[in-house]
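In what follows, a single structure is set out as structure tokens and then discussed.
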Amino acid sequence: MRRIWTEKVRAVLTLAILFIMSSCQFDFQDGRTGPVKVGIYAGGSQTRTEMLPNGLSAAWEAGDELAVWARNSSGSYFLSNQIFKTYGLDGQRGFFTSTLDSAMPEDNYTYYCCYPVPVSVNGTKVTFDVPAVQDGKASGGADIMIATPVQHGALTAVPDPEDHSGMSMAMNRMMHQFRFYIPADNAVIGNEKITKIVLTFPRDVVGKATMDLTDPTSASVLSEGTSKITMNLSAPLQASSALDTYYACMVMNPTAFDAGESVRVQAYTSSMIAQVDPIDLCARDFQAGHSTPVKL
């Protein structure tokens, strides 16, 4: 009798366990729920967040942030203004990562990206601050960039820096740059070092720049602008026989100027103010992504 009772108890317990397991089957994780960290690459020979000696090449800095959008095949956005931060750097490319609330469903996405994170977004229109006070290195988000749209599958876990199979975006510089230098034969400056440069243009060249996230070839629209730029140089500028040894870079919105228009430049050292001859603007090409050398 005890044996029969024991077998009945075992049978009941077995059925209870099976019932509990079957009732909880939807609680098992499939590896695609919950937060997931993903990574992308960004960069190329024309990308930068701080000017390098040749005025054109690229180098990301630790702490840089990108904003990323991902539109799925049905036209909806799975990612919108998602912030990605640097987690690794090499000579030309940056490795960026972000934690998503959940894994991206498998699909063919169109990705858009910009640097820095915009101050405002309206649909696919993004607005950035082009600062009136700069440091001479085009850093701190002054050198605005929009990526060429890319089609790619769902973003996956952070790739190994040696693995180039992940999603990569080429960035396009949207601003124009002045690159100031002092030739070695400048008798006025002599051994002095320039610590500040003030430029006054005939029209607004900095302010709030709005551009189309989906089309890096489209022109930016400037609002709330000003025509004066002050460069408080983080690295003082001194005379040099080589253009790429000592230089200071200024970022401005690409602007067309009329015949006869010029920019006034004042350079400050610790003991003097140097008045530079007005620079003719009409004859110069102020396209996005280009750098104009300016001799002081």
Side-chain angles (χ1 to χ4, degrees), residues 23-44 46-47 49 58 60 64-88 92-129 141 143-161 163-175 208-221 223 288-289:
S23 65
C24 297
Q25 61 182 324
F26 296 108
D27 293 333
F28 288 115
Q29 300 296 314
D30 63 359
R32 297 184 58 80
T33 59
V36 58
K37 184 177 288 188
V38 297
I40 65 172
Y41 306 103
Q46 299 298 310
T47 308
T49 61
W60 293 103
D64 284 336
E65 294 182 346
L66 303 176
V68 177
W69 287 252
R71 189 181 66 192
N72 63 23
S73 57
S74 64
S76 299
Y77 284 87
F78 185 85
L79 300 180
S80 181
N81 202 17
Q82 180 78 24
I83 297 177
F84 282 67
K85 299 181 179 181
T86 50
Y87 72 91
Q92 293 185 346
R93 297 192 311 166
F95 305 88
F96 294 81
T97 186
S98 184
T99 300
L100 310 183
D101 292 336
S102 61
M104 298 179 67
E106 290 301 326
D107 200 348
N108 185 33
Y109 295 89
T110 301
Y111 290 91
Y112 309 100
C113 175
C114 64
Y115 169 86
V117 176
V119 296
S120 65
V121 179
N122 183 13
T124 62
K125 301 294 184 180
V126 287
T127 299
F128 306 88
D129 282 326
D143 197 9
I144 298 165
M145 294 180 282
I146 300 289
T148 301
V150 170
Q151 288 192 337
H152 196 274
L155 297 182
T156 56
V158 178
D160 185 282
D163 176 11
H164 292 192
S165 63
M167 199 271 283
S168 180
M169 305 201 78
M171 308 296 288
N172 303 280
R173 289 161 55 195
M174 305 301 291
M175 297 291 103
K208 292 191 179 299
T210 299
M211 52 202 72
D212 189 351
L213 183 70
T214 66
D215 183 11
T217 64
S218 62
S220 60
V221 177
S223 62

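Scope of the values below: all heavy atoms of this structure, side chains included, with no hydrogens, waters or symmetry mates. It should be emphasised that the depicted structure is a prediction, and the values quoted were computed from it without experimental measurement.
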Got Leu79 and Leu155 here, is their nearest side-chain heavy-atom distance under 4.5 Å? yes
Would you find a donor on one side and an acceptor on the other, under 3.5 Å apart, between the side chain of Asn72 and the backbone of Ser74? yes
Using side-chain heavy atoms (C-beta onward) and a distance below 4.5 Å, is Asp215 in contact with Thr124? no
Return the minimal non-hydrogen interatomic distance between Phe78 and Ala103, and the atom names on each side. CZ-O, 3.7 Å
Under 4.5 Å between any side-chain heavy atoms of Met167 and Met169, yes or no? yes
How close do Val150 and Ser168 get, counting heavy atoms only, and between which atoms? CG2-O, 3.7 Å
Which heavy atom in Asn172 sits nearest to a heavy atom in Ala147, and how many Å separate them? ND2-C, 3.7 Å
Once you round to the nearest 0.5 Å, how far does CD of Glu106 lie from OG of Ser73? 11.5 Å
Please test Trp69 against Val121 for side-chain contact (heavy atoms from CB on, under 4.5 Å), starting from the C-alpha separation and ending with a verdict. CA-CA 11 Å; Trp69 287 252; Val121 179; 4.0 Å; yes
Supply the atom-to-atom distance Met174 CE to Asp212 CG, rounded to the nearest 0.5 angstrom. 9.0 Å
Taking the side chain as every heavy atom from C-beta outward, state whether Ile144 and Pro116 have any pair of such atoms under 4.5 Å apart. yes
Min side-chain heavy-atom separation His152-Ile40 under 4.5 Å: no
With side chains defined as the heavy atoms from C-beta onward, is the minimum distance between Asp129 and Lys208 less than 4.5 Å? yes
Separation of Asp64 CG from Lys85 NZ (nearest 0.5 Å): 12.0 Å
Side chain of Ser98, backbone of Ile83: donor and acceptor closer than 3.5 Å? yes
side-chain contact (heavy atoms from CB on, under 4.5 Å), that's the test. Do Val221 and Lys125 meet it? Break it down for me. CA-CA 10 Å; Val221 177; Lys125 301 294 184 180; over 6 Å; no
Atom pair OG/OH of Ser80 and Tyr112 - distance to nearest 0.5 Å: 12.0 Å
Name of the residue among Ser220, Ser218, Pro216, Cys113 meeting side chain to side chain contact (heavy atoms under 4.5 Å, CB included) with Ile146: Pro216
With side chain to side chain contact (heavy atoms under 4.5 Å, CB included) as the test, pick out the partner of Phe84 among Tyr115, Phe96, Phe95. Phe96
Interatomic distance, CD@Glu65 vs OG1@Thr86, rounded to 0.5 Å, equals 8.0 Å
